[in-house]
Amino acid sequence: MDKEKKGTSPKMVIGIVCGVLALLGIIAVGVIYLFMGKKNEEASEVTTEVVADSKEEETAEATATTEATTEATTEATTTEAEEKTTEEKKEDAPANSVELPLGTSGKSFMFSSGAGGWSTMLEVKSDGSFSGLYSDSDMGDTGEDYPNGTVYQSEFTGTFKNITKVDDNTYKMELGDYKTVKANGTKEIKDEIKFVYTEPYGIEGGKTFYLYTDKKPKSEVTEDFLSWTWLEMKDTLGVYAIYNEDMQEGFFAYDDYWDNEGGN
């Protein structure tokens with residue numbers, strides 16, 4: 001008996017179609033999965049970049065804020081320091097609300113015994129500032145390098161402070177800071193002369209000073225003060241003068257004497 005010829009049945013066709021569709025579905029799911037994964041990576045990279053950019057912006061803003069704060073603090077500190085320095089300078093400066101009656105150009109005074117070849121010249125302004133020169137020569141003090149003798153010298157500047165008017169002919173003042181051009185004890189040889197630099201005689205050691213006008217009664221000053229002048233006085237000094245009370249030394253404006261034709 002002849003065997004029946006085998007053919008493709010409808011069930012088989014349906015099974016093949018279903019298998020193909022299932023395979024296509026798996027492939028589609030894989031493609032979608034890969035596509036979504038890539039999108040997520042890109043999105044993650046973008047997010048990371050945004051976060052990084054945000055962090056950088058925040059860091060930059062924080063740095064800028066810190067720098068601005070530091071700069072402002074520094075500026076404020078500097079300004080405060082400058083103001084403090086200014087105030088300190090104001091406190092250190094002589095607070096002379098009263099001026100000395102010495103005119104616009106001031107006056108020249110001399111401290112000397114009239115013998116011994118020494119003197120201290122003093123230029124004083126109405127605001128209390130002064131400059132001067134002390135000099136004492138000893139021509140007998142010689143050496144191989146200085147056959148022309150020895151000179152003791154002091155060039156100086158300074159101020160009188162806390163000036164007060166005692167009466168019409170008397171002004172009281174205190175010695176403020178003064179400085180010498182050459183340090184005390186310094187020595188040098190110039191033009192075969194040995195120069196020894198010292199403190200200014202007549203100024204050093206003093207604290208309280210008095211300015212007397214030419215109308216100051218002679219009876220109101222001390223004999224120690226008068227001993228430093230060779231002027232012939234009557235009832236008043238006849239010249240402006242400065243008295244170093246602590247050292248009992250006197251400076252006299254001798255130019256006034258000659259201007260007044262020999263005094264009073």
Notebook entry, point to check: Run the ring pair (Phe, Tyr, Trp, His ring centres under 6.0 Å) check on Phe209 and Phe160 step by step: do they pass?
Noted result: CA-CA 8 Å; Phe209 289 73; Phe160 291 116; 5.1 Å; yes
Check: When clusters are formed by joining ILVMFWY residues with side-chain heavy atoms under 4.5 Å apart, either directly or through shared neighbours, do Val151 and Ile189 land in the same one?
Finding: no
Check: Got a donor-acceptor contact below 3.5 angstrom from the Ser119 side chain to the Ser112 backbone?
Finding: no
Could you give the side-chain donor-acceptor pairs of residues 195-208 under 3.5 Å, partners two or more places apart or in another chain?
| unit_1 | atom_1 | unit_2 | atom_2 | d |
| --- | --- | --- | --- | --- |
| Tyr197 | OH | Glu188 | OE2 | 2.4 |
| Glu199 | OE1 | Tyr178 | OH | 2.7 |

Next item on the list: Might you point out which heavy atoms bring Asn169 and Lys215 nearest each other, and give the distance in Å?
Entry: OD1-CB, 3.3 Å
Next item on the list: Please check if any side-chain donor atom of Ser129 sits under 3.5 Å from a side-chain acceptor atom of Asp127, or the reverse.
Entry: yes
Next item on the list: Check step by step if side chain to side chain donor-acceptor pair (under 3.5 Å) holds for Ser131 and Glu123.
Entry: CA-CA 5 Å; Ser131 60; Glu123 298 282 339; over 6 Å; no
Next item on the list: Could you tell me whether the side chain of Trp228 and the main chain of Gln248 form a donor-acceptor pair under 3.5 Å?
Entry: yes
Notebook entry, point to check: Going through the checks in order, is the ring pair (Phe, Tyr, Trp, His ring centres under 6.0 Å) test met by Phe252 and Phe225?
Noted result: CA-CA 10 Å; Phe252 295 84; Phe225 166 72; 4.9 Å; yes
Note to self: Before you tell me yes or no, could you show the steps for Leu211 and Leu102 under side-chain contact (heavy atoms from CB on, under 4.5 Å), namely the whole-Å CA-CA distance, both residues' side-chain angles and the distance that decides it to 0.1 Å?
What the structure shows: CA-CA 10 Å; Leu211 172 75; Leu102 300 178; 4.1 Å; yes
Notebook entry, point to check: Passes side-chain contact (heavy atoms from CB on, under 4.5 Å), Val221 versus Leu226? Steps please.
Noted result: CA-CA 7 Å; Val221 299; Leu226 291 175; 3.7 Å; yes
Next item on the list: Consider only side-chain N and O atoms of Lys216 and Thr170, and report whether a donor and an acceptor are under 3.5 Å apart.
Entry: yes
Item checked: Test item: side-chain donor near acceptor, Asp224 and Ser227, under 3.5 Å -> no
Next item on the list: Starting at NZ of Lys218, measure out to OG1 of Thr236 and round the result to the nearest 0.5 Å.
Entry: 10.0 Å
Note to self: I need the Met173 CE to Thr159 OG1 distance, nearest 0.5 Å.
What the structure shows: 10.5 Å
Item checked: Trp118 with Met247, same ILVMFWY side-chain cluster at under 4.5 Å -> no
Next item on the list: Report yes if the side chains of Asp168 and Lys165 come closer than 4.5 Å at any heavy-atom pair, otherwise no.
Entry: yes
Check: Roughly how far apart are Leu133 CG and Met110 CE, rounded to 0.5 Å?
Finding: 12.5 Å
Notebook entry, point to check: Can you tell me if CG on Asp191 sees more than 12 non-hydrogen neighbours from other groups inside 6.0 Å?
Noted result: no
Notebook entry, point to check: When you look at CD of Gln153, are more than 12 heavy atoms from neighbouring residues, nucleotides or ligands closer to it than 6.0 Å?
Noted result: yes
Check: Does the side chain of Ser108 reach to within under 4.5 Å of the side chain of Tyr254, using non-hydrogen atoms?
Finding: no
Checklist line | Cluster check Val181, Leu122: I/L/V/M/F/W/Y, side chain < 4.5 angstrom | finding: no
Checklist line | Interatomic spacing from CD in Glu174 to CG in Asn162 - rounded to 0.5 Å | finding: 4.5 Å
Notebook entry, point to check: Minimum heavy-atom separation for Lys161 to Leu175, with atom names?
Noted result: CE-O, 4.2 Å
Margin query: Please check: side-chain N/O of Lys125 versus main-chain N/O of Ser105, any donor-acceptor pairing under 3.5 Å?
Written below: yes
Note to self: Using side-chain contact (heavy atoms from CB on, under 4.5 Å), reason through Lys194 and Thr150 one step at a time and then give a plain yes or no.
What the structure shows: CA-CA 5 Å; Lys194 181 171 73 172; Thr150 300; 3.7 Å; yes
Check: Any link between Tyr152 and Tyr146 through a network of hydrophobic side chains (Ile, Leu, Val, Met, Phe, Trp, Tyr) touching at under 4.5 Å?
Finding: no
Check: Do Ser126 and Thr104 have side chains that get closer than 4.5 Å, going by heavy atoms?
Finding: no
Checklist line | Residue of the set Phe111, Phe130, Tyr210 for which ring pair (Phe, Tyr, Trp, His ring centres under 6.0 Å) holds with Phe251 | finding: Phe111
Check: Roughly how far, to the nearest 0.5 Å, is the CG atom of Asp138 from the CD1 atom of Ile193?
Finding: 12.0 Å
Note to self: Contact between Ile163 and Leu100 at the side-chain level, heavy atoms closer than 4.5 Å - yes or no?
What the structure shows: yes
Next item on the list: Report yes or no: does Ser137 contribute a side-chain atom to a donor-acceptor pair with the main-chain N or O of Met139 at less than 3.5 Å?
Entry: no
Next item on the list: Verify the ring-centre separation between Tyr240 and Phe109: is it less than 6.0 angstrom?
Entry: no
Next item on the list: Of all the heavy-atom pairs spanning Thr142 and Pro147, show the shortest one and how long it is.
Entry: CG2-O, 3.4 Å
Item checked: Nearest heavy-atom neighbours spanning Thr213 and Leu237 -> O-CD1, 4.1 Å
